[in-house]
Amino acid sequence: MELLHAFGITLKQFRKEKSWSQEELADHSGLDRTYISLLERGHRNPTLSTLFSLANCLGYQPNHFIKEIEKVMESKYGSDQNEN
């Protein structure tokens, strides 16, 4: 799984945990709803400031957000990644 897709899965998971729509996340973060959608689908590469903004807006430390992205990537790769 590529990094952008894992980021999108994590972002969507955290958003849904707050029971927010993409529109609500956009309102809280100051980003456009369309951009949120593109991020969740892995079609845009967020900047570092966007990552920090979204993490904080959703109530997470940026490092926790990154750890969750790593977990998503590891779970999708499984043991295949360790064999290389």
Side-chain angles (χ1 to χ4, degrees):
M1 168 178 299
E2 77 175 63
L3 178 60
L4 295 181
H5 190 219
F7 176 87
I9 289 170
T10 304
L11 176 60
K12 185 174 184 176
Q13 173 189 325
F14 286 170
R15 175 178 62 79
K16 288 190 172 238
E17 285 175 7
K18 295 209 54 104
S19 299
W20 284 354
S21 66
Q22 290 178 346
E23 187 73 36
E24 289 170 311
L25 178 55
D27 289 342
H28 288 282
S29 66
L31 299 170
D32 187 83
R33 191 218 41 92
T34 304
Y35 184 60
I36 299 292
S37 174
L38 292 169
L39 287 171
E40 286 187 359
R41 290 183 286 138
H43 293 287
R44 288 292 180 267
N45 192 1
T47 63
L48 190 56
S49 60
T50 298
L51 173 86
F52 271 66
S53 174
L54 288 169
N56 290 326
C57 172
L58 290 164
Y60 294 97
Q61 292 293 319
N63 66 329
H64 179 72
F65 203 102
I66 291 169
K67 286 178 186 176
E68 289 302 312
I69 293 167
E70 290 175 333
K71 286 180 187 178
V72 169
M73 291 182 71
E74 288 171 3
S75 72
K76 298 299 177 186
Y77 281 125
S79 61
D80 292 344
Q81 190 175 28
N82 295 330
E83 292 175 5
N84 293 333

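These numbers come from a predicted model, not from an experiment.
Contact between Leu11 and Ile36 at its shortest, heavy atoms only, is CD2-O, 4.4 Å. Residues Ser75 and Val72 come closest through the heavy atom pair OG-O, 2.9 Å. The shortest heavy-atom contact between Leu25 and Arg15 is CD2-CD, 3.9 Å. Minimum interatomic distance between Leu39 and Leu54 (heavy atoms only, all atoms of both residues): CD1-CD1, 3.9 Å. When all heavy atoms of Glu24 and Ser21 are compared, the pair lying nearest together is OE1-N, 2.7 Å. Between Ser29 and Cys57, the closest heavy-atom pair is N-SG, 3.8 Å.
If you check the side chains of Tyr35 and Glu40, you find no donor sitting under 3.5 Å from an acceptor.
Between atom OH of residue Tyr60 and atom CG of residue Leu51 there is a gap of 13.5 Å, rounded to the nearest 0.5 Å. Interatomic distance, Arg44 CZ to Leu31 CG, rounded to the nearest 0.5 Å: 13.0 Å. Considering CD1 of Ile69 and CD of Glu74, their distance stands at 12.0 Å, rounded to 0.5 Å.
Residue pairs meeting the salt bridge (charged side-chain N to carboxylate O under 4.0 Å, His left out) criterion with at least one member in residues 58-72, sequence neighbours excluded: Glu68-Lys71.
For Arg33 (side chain) and Gln22 (main-chain N/O), no donor-acceptor pair under 3.5 Å exists by modelled atom type.
A chain of hydrophobic side-chain contacts below 4.5 Å, direct or via other Ile, Leu, Val, Met, Phe, Trp or Tyr residues, connects Trp20 to Phe14.
In the displayed structure, Gln61 atom CD is contacted under 6.0 Å by at most 12 heavy atoms of other residues, nucleotides or ligands.
In this structure, Phe7 and Phe65 have tilted ring planes: the angle between them lies in the 30° to 60° band.
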- side chain to side chain contact (heavy atoms under 4.5 Å, CB included) between Thr47 and Phe52: does it pass, once the steps are laid out? CA-CA 9 Å; Thr47 63; Phe52 271 66; over 6 Å; no
- Would Ser53 and Thr50 count as a side-chain hydrogen bond (donor to acceptor under 3.5 Å, both in side chains) if you check the C-alpha gap in whole Å, the side-chain angles of each, and the deciding distance to 0.1 Å? CA-CA 5 Å; Ser53 174; Thr50 298; over 6 Å; no
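Arg41 pairs by the side-chain contact (heavy atoms from CB on, under 4.5 Å) definition with Ser37, Leu38, His43, not counting sequence neighbours.
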